[in-house]
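Encoded as structure tokens, the structure appears first; notes follow it.
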Amino acid sequence: MVHGPHQRHWPGPLSAAVATLCDRLQPQVGPATAAGFRQVLHRLSAPLQVAVAGRIKSGKSTLVNALIGRRVAPTDVGECTRLVTRFQYGTVDRVEVVFRDGRKQVLPFDQHGMIPADLGVDLAAVSHLEAYLTNAVLRDLTVIDTPGLGSLDSASVRRTRELLGVGQEPPGELDPVSRDAVAGAEAVLYVLTQTVKADDEHALAAFTAATARREAGPVNAVAVLNKADMVEPDSVPGSDGSTWRAAGLVAARQATLLRPRVADVLPVIGLLAETAETGGFTSADARCLKDLAALDEETRETMLLSADLFVDWECAVPASDRRRLLERLDLYGVRSGVLAVTEDPEITAGALRRRILDASGLAAVRARLHTLFQARADGIKAAAALASVTALAHASGDPGERQRVHDAIEVLLARPEAHQLRLLEALTLVAGGTVTMPDDLAEEILRVGSTSDVGERLGLAGRPRTELAAHALERAGWWRSFASFGATPAQSRVAHVVHRAYFLLWQQLREGT
């Protein structure tokens with residue numbers, strides 16, 4: 001049965017327009033291409049898919065738990081951490097083990113509400129896991145947890161590389177079920193530690209290149225510097241002794257290094273975020289922090305010098321309570337909690353949890369994810385869908401079919417409201433290295449195409465509308481001149497798109513919409 005646009009929920013008008021295009025084209029293409037179009041329609045109506053990727057032990061699963069708001073992804077090395085796991089909304093909590101031959105086996109979550117540590121199946125036969133949760137966050141976002149790069153387990157590395165397009169196996173090596181499991185990640189949240197290694201850069205470059213090969217595929221990647229509390233302030237000039245300021249400076253350097261592969265790098269402490277967001281911080285933990293705050297300052301400061309001293313030092317607070325607190329907050333979180341208590345001795349457990357959440361940096365990460373991904377879901381999904389439609393037509397081998405699809409896409413892209421798709425395509429070409437631009441211009445294109453906030457797109461967040469409008473018009477004129485007089489032919493095509501983006505922003509600001 002063919003589902004028309006009126007029968008599904010689309011993220012926005014661009015996705016609806018692409019859905020209409022797919023419906024209209026289905027009778028004009030062969031059966032295989034038409035079947036592919038139906039899959040495109042299904043993905044268009046599904047929540048945005050964000051893959052969480054990074055090196056092994058970078059804290060990916062801890063961050064996944066924090067984002068979902070439930071401790072469900074295993075964080076210790078085990079069977080499940082070697083598999084791709086998709087967390088999505090469902091009316092009944094369950095885990096589905098999807099095998100490479102297409103079979104599925106349903107499992108309950110364990111007694112702690114987590115994916116079972118032992119799946120009881122042959123791991124080599126497993127394609128991936130599907131975790132369904134009655135969780136409001138997942139109504140609009142599917143989160144894909146991946147095995148880590150740098151793992152000693154070659155199968156785990158392969159699964160992650162398959163997802164990110166790094167070092168793909170020869171054609172035909174990857175079975176269709178596995179391909180479907182990892183395909184379609186429309187955005188990437190990349191988890192970094194203090195040192196950016198070669199395979200971090202390669203993974204991000206490969207994701208960019210994979211989207212660039214899809215012609216209209218958008219570049220949507222943001223990175224986080226996890227375990228920000230591990231940054232030593234003394235090693236970072238300008239930190240003024242502040243751990244968080246030091247982490248922010250390191251993240252800023254990483255962002256400069258990785259642009260235009262990523263839109264931003266933000267510091268975060270995944271452990272604190274997970275503890276605060278998933279119910280890991282209890283009233284007993286709050287009492288322990290208050291007991292620690294009651295100790296004399298010299299004793300507290302000595303205990304907080306190292307994890308061993310914190311647990312082993314003899315004091316009135318039981319060592320078992322301190323050990324539990326250390327596991328949930330680490331020393332930075334303990335220090336933050338004790339400081340909150342000394343500032344307000346009557347602080348409640350709920351207020352302490354909020355202070356710990358604030359100290360984690362998760363709020364800034366969530367806000368950035370919303371701006372970069374969720375608020376742009378319509379354009380992201382529409383661009384990815386058009387890329388798939390184009391690829392399906394090319395794969396058919398029928399020149400007439402390919403031309404019909406090409407003509408229909410060109411008609412759609414000619415509409416003013418579809419310019420966002422042109423901009424995403426231009427951004428991808430620049431970020432993927434297909435079109436070379438000077439660094440400052442590449443960064444400007446990334447900024448204009450990678451956020452939904454008008455002020456941020458113009459690099460003038462918080463400034464008056466009149467100033468934004470004047471700047472948009474000035475930049476529109478500059479890019480038009482560059483396209484005509486200073487650019488190579490490839491750069492000129494991109495520059496015309498950027499000129500049009502600024503002009504449309506000027507119109508939007510002038511009309512007050």
Side-chain angles (χ1 to χ4, degrees), residues 52 54-67 71 73 75-76 148 189-197 200 222-255 264-278 280-281 285-286 288-289 292-293 300-311 313 321-343 352-368:
V52 181
R55 296 182 58 78
I56 189 172
K57 294 190 177 299
S58 61
K60 298 183 308 302
S61 297
T62 299
L63 194 59
V64 166
N65 289 334
L67 290 171
R71 199 165 188 271
T75 54
D76 295 328
L189 174 63
Y190 200 86
V191 184
L192 296 163
T193 50
Q194 289 186 49
T195 304
V196 177
K197 298 189 177 180
D200 292 317
V222 64
V224 294
L225 167 62
N226 198 14
K227 306 180 182 180
D229 53 319
M230 297 292 104
V231 178
E232 290 289 345
D234 292 343
S235 68
V236 183
S239 68
D240 298 326
S242 164
T243 298
W244 194 254
R245 179 169 173 77
L249 291 169
V250 172
R253 286 205 302 264
Q254 291 179 336
D264 207 351
V265 179
L266 299 172
V268 69
I269 306 172
L271 178 63
L272 293 189
E274 181 191 55
T275 296
E277 283 291 81
T278 65
F281 185 78
D285 297 320
C288 186
L289 285 173
L292 288 167
R300 284 203 317 265
E301 289 304 313
T302 301
M303 291 171 63
L304 288 169
L305 287 174
S306 73
D308 288 341
L309 285 172
F310 181 74
V311 173
W313 195 266
D321 291 350
R322 285 179 273 156
R323 187 175 295 108
R324 185 190 67 238
L325 205 60
L326 190 66
E327 290 172 352
R328 298 180 181 186
L329 301 180
D330 217 337
L331 287 176
Y332 183 86
V334 172
R335 186 181 291 278
S336 299
V338 169
L339 178 62
V341 173
T342 56
E343 291 175 350
L352 259 177
R353 184 197 70 82
R354 289 190 291 274
R355 284 288 294 269
I356 289 167
L357 181 61
D358 289 344
S360 74
L362 184 66
V365 174
R366 277 193 167 138
R368 203 73 175 116

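What you see below is based on every heavy atom in this structure, not just the backbone, and it leaves out hydrogens, waters and symmetry mates.
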Main-chain N/O of [Y] paired to [X] side chain as donor or acceptor, under 3.5 Å:
X	Y	value
Asn226	Val191	no
Ser61	Ala73	no
Ser239	Pro233	yes
Arg71	Asn65	no

Could you check whether any side-chain heavy atom of [X] comes within less than 4.5 Å of a side-chain heavy atom of [Y], counting everything from C-beta outward?
X	Y	value
Leu272	Leu329	yes
Leu326	Arg322	no
Thr342	Arg300	yes
Arg253	Val236	yes
Met303	Leu292	yes
Lys57	Thr193	no

Shortest non-hydrogen contact from [X] to [Y]?
X	Y	result
Ile356	Ala276	CG2-CB, 4.3 Å
Leu249	Pro237	CD1-O, 3.5 Å
Ala251	Pro267	CB-CD, 4.0 Å
Leu289	Gly337	CD1-CA, 4.0 Å
Ser58	Lys60	OG-CG, 3.4 Å
Arg368	Val222	CG-CG2, 4.3 Å

Distance (rounded to the nearest 0.5 Å) between [X] [atom1] and [Y] [atom2]:
X	Y	atom1	atom2	value
Tyr332	Ser360	OH	OG	9.5 Å
Phe281	Leu357	CZ	CG	11.5 Å
Thr275	Arg353	OG1	CZ	11.0 Å
Asp229	Arg335	CG	CZ	11.5 Å
Thr62	Ile269	OG1	CD1	12.5 Å
Gln254	Leu225	CD	CG	5.0 Å

Q) Only one of Leu63, Leu362, Val265, Leu192 clears side-chain contact (heavy atoms from CB on, under 4.5 Å) with Val224; which? A)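 In the set Leu63, Leu362, Val265, Leu192, the residue that makes a side-chain contact (heavy atoms from CB on, under 4.5 Å) with Val224 is Leu63.
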**Q.** Flag if over 12 foreign heavy atoms under 6.0 Å of CD, Glu343
**A.** yes
Q. Is the count of non-hydrogen atoms from other residues, nucleotides or ligands lying under 6.0 Å from Trp244 atom CH2 greater than 12?
A. yes
**Q.** Note: Arg324-Asp321 ion pair, threshold 4.0 Å (strictly below)
**A.** yes
